[in-house]
Amino acid sequence: MSTDRDGKKLVRSPSGLRMLPENRALGSPFCLEEPQWVPDKECPLCMHCDAKFDFITRKHHCRRCGKCFCDKCCSKKVPLPRMCFVDPVRQCAECSVISQKEMEFYDRQLKVLMNGATFYITQGSSEKSENVVCRLSNNHRYLFLDGEDHYEIEVARISTVQILTEGFTPGGGNSRATGMLIQYKPQGSDELLQMKFTTSEDFNSNKKMSASWLAAMHKAAKLLYESRDQ
């Protein structure tokens, strides 16, 4: 069984203090690596407003993209949990907007995923379904499914996530999430498997929790794909 807790350590980088797992291979699949900074000698001008750098106009590197900017174009210090920074760090205007939008995922949706929700799961082409509680592990690396049996799906080995909806209208306003279809590779195998998650119809409270969990998983999948494309 996979461990739910991994040791962490403080690491000081040129960009600031970061809280990283002692074993980097055990990091969260949603995290991004620090970018390589554009060398000072390659950026005589601000890469946004073209201001010339001199003794008065100093250059600053955005901690998210690594590009060079003047103070005016790179003045905001914004939390950047995807790179495990302990404190808010300097980011350019474009990156700071992205990081601020991601804070909803880290502040709210991660908690929803770790609290879990109830689903019926069906594996592959099987007609047999099983009622399970599905939650994200504390280190964000696994989906734990607990019912009659215990299943673990490594998040980094999930290939696709498709949210299933019903009541779709052209505007999408009346659609609601009813389940999820994922394709993944089990640990130690290259075989691509499929699992379907369906919300329970038993209790309205469970349905609401499941719908919130699916919405959070939809956002998690987007961040996961971005991390892979880095």
Side-chain angles (χ1 to χ4, degrees), residues 6-114 136-142 154-161 215-230:
D6 300 300
K8 294 186 177 182
K9 60 182 178 181
L10 271 175
V11 175
R12 183 176 294 279
S13 74
S15 300
L17 276 177
R18 303 173 71 201
M19 182 66 74
L20 300 173
E22 292 181 354
N23 184 343
R24 295 294 295 274
L26 301 180
S28 167
F30 306 119
C31 285
L32 298 172
E33 291 295 329
E34 274 192 275
Q36 290 289 327
W37 284 9
V38 175
D40 288 349
K41 62 182 180 181
E42 294 182 11
C43 52
L45 306 177
C46 173
M47 300 181 78
H48 178 70
C49 72
D50 290 333
K52 185 177 181 179
F53 296 125
D54 52 31
F55 289 108
I56 298 176
T57 306
R58 299 183 60 188
K59 66 183 63 174
H60 301 277
H61 286 86
C62 172
R63 272 47 175 176
R64 184 172 181 125
C65 68
K67 296 178 181 178
C68 288
F69 301 93
C70 66
D71 183 70
K72 182 179 178 181
C73 296
C74 193
S75 61
K76 291 186 177 180
K77 289 191 175 182
V78 179
L80 185 48
R82 290 193 74 186
M83 290 184 187
C84 305
F85 284 108
V86 175
D87 301 309
V89 292
R90 189 184 292 269
Q91 298 178 56
C92 67
E94 183 178 351
C95 287
S96 65
V97 170
I98 296 172
S99 295
Q100 286 170 336
K101 288 181 179 179
E102 290 173 350
M103 283 308 300
E104 181 186 3
F105 176 75
Y106 280 89
D107 287 343
R108 187 175 67 85
Q109 293 172 319
L110 261 182
K111 295 175 184 177
V112 171
L113 291 172
M114 290 189 287
L136 184 69
S137 64
N138 291 341
N139 59 17
H140 312 160
R141 297 184 61 239
Y142 297 92
E154 190 172 357
V155 173
R157 295 179 66 82
I158 296 177
S159 301
T160 60
V161 176
M217 189 63 191
H218 180 61
K219 178 61 176 179
K222 289 183 177 181
L223 297 187
L224 182 63
Y225 299 150
E226 289 174 7
S227 297
R228 290 174 180 167
D229 293 338
Q230 186 187 32

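Fair warning: this is a prediction, and the values are worked out from it, not measured in the lab.
Here Arg12 contributes atom CZ and Leu17 contributes atom CG; the two are 4.0 Å apart, rounded to the nearest 0.5 Å. Cys70 contributes atom SG, which lies 7.5 Å from atom NZ of Lys72 (distance to the nearest 0.5 angstrom). Note that the OG1 atom of Thr57 and the CG atom of Asp71 stand 9.5 Å from one another [nearest 0.5 Å]. Once rounded to the nearest 0.5 Å, the distance linking CD of Gln91 with NZ of Lys77 reads 11.5 Å. Considering CZ of Phe53 and SG of Cys46, their distance stands at 5.0 Å, rounded to 0.5 Å. To the nearest 0.5 Å, the span separating NZ on Lys67 from SG on Cys74 amounts to 11.5 Å.
The heavy-atom pair separating Cys62 from Trp37 by the smallest distance is O-NE1, 4.4 Å. Pairing each heavy atom of Lys76 with each of Ser96, the nearest pair is CD-OG, 3.8 Å. Between Leu45 and Asp50, the shortest heavy-atom distance links the atoms CD2-O, 3.8 Å. Of all non-hydrogen atoms in Val38 and Glu42, the two that sit nearest each other are CG1-CB, 4.2 Å. Across all their heavy atoms, Val155 and His140 have their closest contact at CG2-O, 3.7 Å. In terms of heavy atoms, Pro81 sits closest to Cys31 at O-SG, 4.4 Å.
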Exercise. When you look at Asp87 and Arg18, which way does the salt bridge (charged side-chain N to carboxylate O under 4.0 Å, His left out) test go after all the steps?
Worked result: CA-CA 8 Å; Asp87 301 309; Arg18 303 173 71 201; over 6 Å; no

For this session: Apply side chain to side chain contact (heavy atoms under 4.5 Å, CB included) to Leu32 and Arg64, showing your working.
Result: CA-CA 9 Å; Leu32 298 172; Arg64 184 172 181 125; 3.8 Å; yes

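Counting only heavy atoms from C-beta outward, the side chains of Val89 and Val78 never approach each other to under 4.5 Å. Looking at Phe85 and Ser13, their side chains come closer than 4.5 Å, going by heavy atoms from C-beta outward. Proximity of Cys95 to Cys65: side-chain heavy atoms (C-beta onward) are separated by under 4.5 Å at one or more points. In this structure, Glu226 and Leu223 have side chains that are in contact, with non-hydrogen atoms separated by less than 4.5 Å.
Counting non-hydrogen atoms of neighbouring residues, nucleotides and ligands closer than 6.0 angstrom, the CD atom of Glu94 reaches no more than 12 such neighbours.
In terms of the disulfide bond (SG atoms under 2.5 Å apart) criterion, residue partners of Cys68 (sequence neighbours excluded) are, by chain and number, Cys43.
Using a 4.0 Å cut-off between charged side-chain N and carboxylate O, Arg141 and Glu154 make a salt bridge. Of the charged side-chain nitrogens involved, none lies within less than 4.0 Å of a carboxylate oxygen, so that Lys59 and Asp54 do not count as a salt-bridged pair. Taking 4.0 Å as the cut-off between side-chain N and carboxylate O, Arg82 and Glu34 do not count as a salt-bridged pair.
For the pair Glu22 (side chain) and Gly7 (backbone), a donor-acceptor distance under 3.5 Å is absent. Between the side chain of Arg63 and the backbone N or O of His61, at least one donor-acceptor pair lies under 3.5 Å.
The ring of Phe30 has its center closer than 6.0 angstrom to the ring center of Phe105.
Checked options Leu224, Val112, Ile158; the residue passing with Met217 is Ile158 (criterion: side chain to side chain contact (heavy atoms under 4.5 Å, CB included)).
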